[in-house]
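Just follow the structure's listing: the first ligand is 1, and inside any ligand the first atom is 1.
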Amino acid sequence: MADLRDLLKVDPGTLRLADIDPRATPGLPSKRTVGKDPKLWSAEAVADISTELGSYQEKLFASAKEGATNRRVVLLLQAMDCGGKDGTVRNVTAGMSPAGLKAVGFGPPTKEELSHNFLWRIRRALPPSGYVGIFNRSQYEDVLVVRVHNLVPDKVWSKRYDEINAFEAKESSDGLTIVKVMLHISHEEQKKRLLARLDDPTKTWKYNPGDLAERARWTDYQQAYEDALNKCSTEATPWYVVPADRKWYRKWYRKWYRNWAVANLLHQAFGDLNPQYPPPDFDVAAERAELSKAA
Ligand code: ADP
């Protein structure tokens, strides 16, 4: 199967979001290849991948024990409202231990956060060595919502792309693997999902009347996303755009291309990292003999 990273990676300076179909399913194998309906296959694949992610996570944790390495992994998700960040996190982390996960959501900065550089709260939220971090929104909000709403002058936000690149380069040379994913939905799909929130009492809590004002700025947001991804997709920390409109829904199942794609991207990043259980730093045979004698 083709490396999904090659299909979804942003080539710096060349991304045009309008050219990426949010309903596309790049890399999803055909029925002929997998011998069954690819929708069903993808859900089984997500379950298998998430079990393997759990095993990778444990090895990462074990290998970093007692400060042996500073390896850490962050899955960073950005999307327009209703893009599916929460559902993706639920599915992709299903096989992982909550004890080794550090999930953080970034909302409007607090007064204290605003008194520091915008990266201050991001640095504090980075996972410790051996942990997997989930960023639900991120440092990129400071060149997205902040730019669209002119929360700081142009000359301040426009310098932030370089600051973000320098920050990510430094952290990645210090053991951090960052998998940056934009879940790409269409304007129409967002409307459907917002309406679904109003129609379903179990989802109404997710609706915020402010979402409509944000939706009205759709074009500005798409432009801000395009610039951020074009300027901050680097060799060490590339951006991936995952088409995220596509779900297959039946009474008895819901399947999402995006879950499969994001799980895969994280799995491939872990594959490169290839964490291993550390060898024991004590004499196993002696311990076994001692334990066998003990009461
Ligand atoms: P989500 O929509 O991700 O489920 P929330 O409903 O808590 O979570 O929304 C978070 C809100 O915080 C979003 O509207 C986002 O634009 C805003 N936000 C995040 N970071 C910043 C920032 N640096 N400055 C201003 N607003 C921000």
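Taking the six-membered ring wherever Trp is involved, the centroid distance between the rings of His267 and Tyr56 falls below 6.0 Å.
Under the 4.0 Å criterion applied to side-chain N and carboxylate O atoms, Arg23 and Glu189 are not assigned as salt-bridge partners.
Taking the six-membered ring where tryptophan is involved, the planes of Trp120 and His116 are essentially parallel, since the angle between them stays under 30° and well short of 60°.
Evaluation of the side-chain contact (heavy atoms from CB on, under 4.5 Å) rule for Ala244 yields Leu183, Ile185, Arg258 as partners, not counting sequence neighbours.
Annotation: side chain of Gln78 is in contact with side chain of Trp239 (closest heavy-atom distance under 4.5 Å).
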So what's ligand 1 close to, N/O to N/O, under 3.5 Å?
{"from": "ligand 1", "atom 1": "2 (O)", "to": "Arg137", "atom 2": "NH2", "distance (Å)": "2.8"}
{"from": "ligand 1", "atom 1": "3 (O)", "to": "Lys85", "atom 2": "NZ", "distance (Å)": "2.7"}
{"from": "ligand 1", "atom 1": "3 (O)", "to": "Arg137", "atom 2": "NE", "distance (Å)": "2.6"}
{"from": "ligand 1", "atom 1": "3 (O)", "to": "Arg137", "atom 2": "NH2", "distance (Å)": "3.3"}
{"from": "ligand 1", "atom 1": "12 (O)", "to": "Pro108", "atom 2": "N", "distance (Å)": "3.3"}
{"from": "ligand 1", "atom 1": "16 (O)", "to": "Glu141", "atom 2": "OE1", "distance (Å)": "3.1"}
{"from": "ligand 1", "atom 1": "20 (N)", "to": "Gly107", "atom 2": "O", "distance (Å)": "3.2"}
{"from": "ligand 1", "atom 1": "20 (N)", "to": "Arg121", "atom 2": "NH2", "distance (Å)": "3.1"}
{"from": "ligand 1", "atom 1": "23 (N)", "to": "Arg121", "atom 2": "NH2", "distance (Å)": "3.2"}
{"from": "ligand 1", "atom 1": "23 (N)", "to": "Asp142", "atom 2": "OD1", "distance (Å)": "3.4"}
{"from": "ligand 1", "atom 1": "23 (N)", "to": "Asp142", "atom 2": "OD2", "distance (Å)": "3.3"}

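Put simply, the side chain of Asn165 gets close to the backbone of Lys231: a donor and an acceptor are under 3.5 Å apart.
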